[in-house]
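Reading through the structure tokens given below for one structure.
If you read the sequence from its start, that first residue is 1, and numbering goes on from there.
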Amino acid sequence: PYSIPSGSYVFDGEDAIPLDDYFSERGISFSELISGRTPVLAAGSNASPYQLRTKRERFGLAGEIPVLKARLSGFDVVYSARITSYGSVPATLRPSPGTAVDLFVTFLNEEQLFPMDKSEDAHIKNGNYRRELFTGGGLEMEEEIDPGEVWVYQSNRGCLLLGGECAALSAI
């Protein structure tokens, strides 16, 4: 339900700074920006600066977060089988041969991982999501980097079924 920028950016705690603007203001390299950070797929609202700001306020998600545009082949973004406390239906990934989706990858530092886990209920057994190593392949990032290991929040509730099929997010 939240607006997502059209390209890569750095969330500075309040706003989305386009990646090129960030680099020209800071004078650092891309590798310096993501050094020591854990890449986590953002298949839904976690790609939105509004949602990141909300998570900063509610869960203490502090500091800058690089958010890179990516394309993922062989998967689709589908609705999770639950409703959030704020009334939306969240997203999750599902294998889908022949499908390619645009999404984002957040690069979280060590201090940001627990607040993000907490915001997804991934810090408790049988929470809404679990953070797991993404093993699907097919990920291409805008900056043409290989981040090595990539993580993803996967729904513990499965996907929303409509007519026996997982309901895909047409906006994605």
Side-chain angles (χ1 to χ4, degrees), residues 1-72 75 77 80 82 84-86 88 90-93 101-136 139-157 172:
Y2 306 112
S3 175
I4 296 174
S6 60
S8 298
Y9 67 94
V10 174
F11 176 70
D12 69 357
E14 289 295 322
D15 294 309
I17 302 170
L19 202 56
D20 290 341
D21 294 349
Y22 183 88
F23 287 140
S24 66
E25 291 172 9
R26 303 292 196 294
I28 66 169
S29 70
F30 182 75
S31 60
E32 288 173 299
L33 176 64
I34 64 168
S35 178
R37 293 178 177 268
T38 300
V40 182
L41 293 176
S45 69
N46 285 347
S48 166
Y50 178 88
Q51 184 70 313
L52 294 174
R53 190 170 36 257
T54 299
K55 290 180 180 215
R56 180 186 61 117
E57 293 164 3
R58 290 190 61 208
F59 300 99
L61 184 63
E64 295 180 332
I65 301 173
V67 185
L68 270 64
K69 190 164 188 174
R71 186 148 182 89
L72 181 61
F75 287 83
V77 179
S80 179
R82 70 178 201 84
T84 67
S85 60
Y86 51 90
S88 73
T92 193
L93 286 176
V101 293
D102 292 324
L103 45 67
F104 286 81
V105 179
T106 57
F107 283 79
L108 305 174
N109 64 31
E110 194 169 321
E111 293 79 27
Q112 294 166 334
L113 281 169
F114 182 74
M116 185 64 86
D117 283 354
K118 192 171 179 184
S119 77
E120 300 292 340
D121 272 348
H123 67 300
I124 57 175
K125 187 176 181 175
N126 298 320
N128 291 315
Y129 285 91
R130 66 190 177 280
R131 180 168 44 98
E132 63 185 35
L133 191 59
F134 177 74
T135 57
L139 181 67
E140 296 175 21
M141 280 199 249
E142 197 171 72
E143 293 298 313
E144 298 183 19
I145 61 152
D146 178 6
E149 291 184 341
V150 178
W151 295 81
V152 62
Y153 289 104
Q154 281 294 98
S155 174
N156 283 326
R157 311 290 180 244
I172 305 289

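- Shown here for Leu103 and Ala42, the closest heavy-atom pair between the two residues is CB-O, 3.7 Å.
- Nearest approach of Thr106 to Asn46, heavy atoms of both residues: CG2-O, 3.9 Å.
- Using a 4.5 Å heavy-atom threshold, the side chains of Val10 and Ile65 count as separate.
- Annotation: side chain to side chain donor-acceptor pair (under 3.5 Å) contacts of Glu25 (sequence neighbours excluded): none.
- For His123 against Lys118, the heavy-atom pair with the smallest separation is ND1-CA, 3.4 Å.
- You'll find the side chain of Glu149 reaches within 4.5 Å of the side chain of Trp151, heavy atoms only.
- Between Tyr129 and Ala91, the shortest heavy-atom contact is OH-O, 2.6 Å.
- What you find for Pro49 and Ser3 is that their closest heavy atoms are CD-O, 3.7 Å.
- Residues forming a salt bridge (Lys or Arg N to Asp or Glu O under 4.0 Å) with Glu132 (at least two apart in sequence, or on another chain): Arg130.
- The nearest pair of heavy atoms linking Glu111 to Pro115 is O-CD, 3.2 Å.
- For the pair Asp102/Arg71, a side-chain contact is recorded, criterion being any heavy-atom separation below 4.5 Å from C-beta on.
- In this view, Ser48 and Tyr2, Ile4, Tyr50, Gln51 satisfy the side chain to side chain contact (heavy atoms under 4.5 Å, CB included) rule, not counting sequence neighbours.
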Practice task
Show your reasoning for whether side chain to side chain donor-acceptor pair (under 3.5 Å) applies to Tyr153 and Asp117.
Solution key: CA-CA 9 Å; Tyr153 289 104; Asp117 283 354; 2.6 Å; yes
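- Annotation: salt bridge (Lys or Arg N to Asp or Glu O under 4.0 Å) contacts of Arg53 (sequence neighbours excluded): none.
- A donor-acceptor contact shorter than 3.5 Å links the side chain of Gln112 to the backbone of Ala62.
- Contact annotation: the side chain of Leu113 approaches that of Arg131 to within less than 4.5 Å [non-hydrogen atoms, C-beta and beyond].
- Two residues are said to be in side-chain contact when any heavy atoms from C-beta on lie closer than 4.5 Å; Phe134 and Leu72 meet this criterion.
- A 4.5 Å side-chain heavy-atom check between Pro18 and Pro5 finds every atom pair outside the cut-off.
- Listed by chain and number, the residues in a side chain to side chain contact (heavy atoms under 4.5 Å, CB included) with Phe23 are Leu19, Ile28, Phe30, Leu33 (sequence neighbours excluded).
- By the 4.5 Å heavy-atom criterion applied to side chains, Val105 and Phe107 are counted as neighbours.
- Considering only residues two or more places apart in sequence or on other chains, Lys55 meets the salt bridge (Lys or Arg N to Asp or Glu O under 4.0 Å) condition with Glu120.
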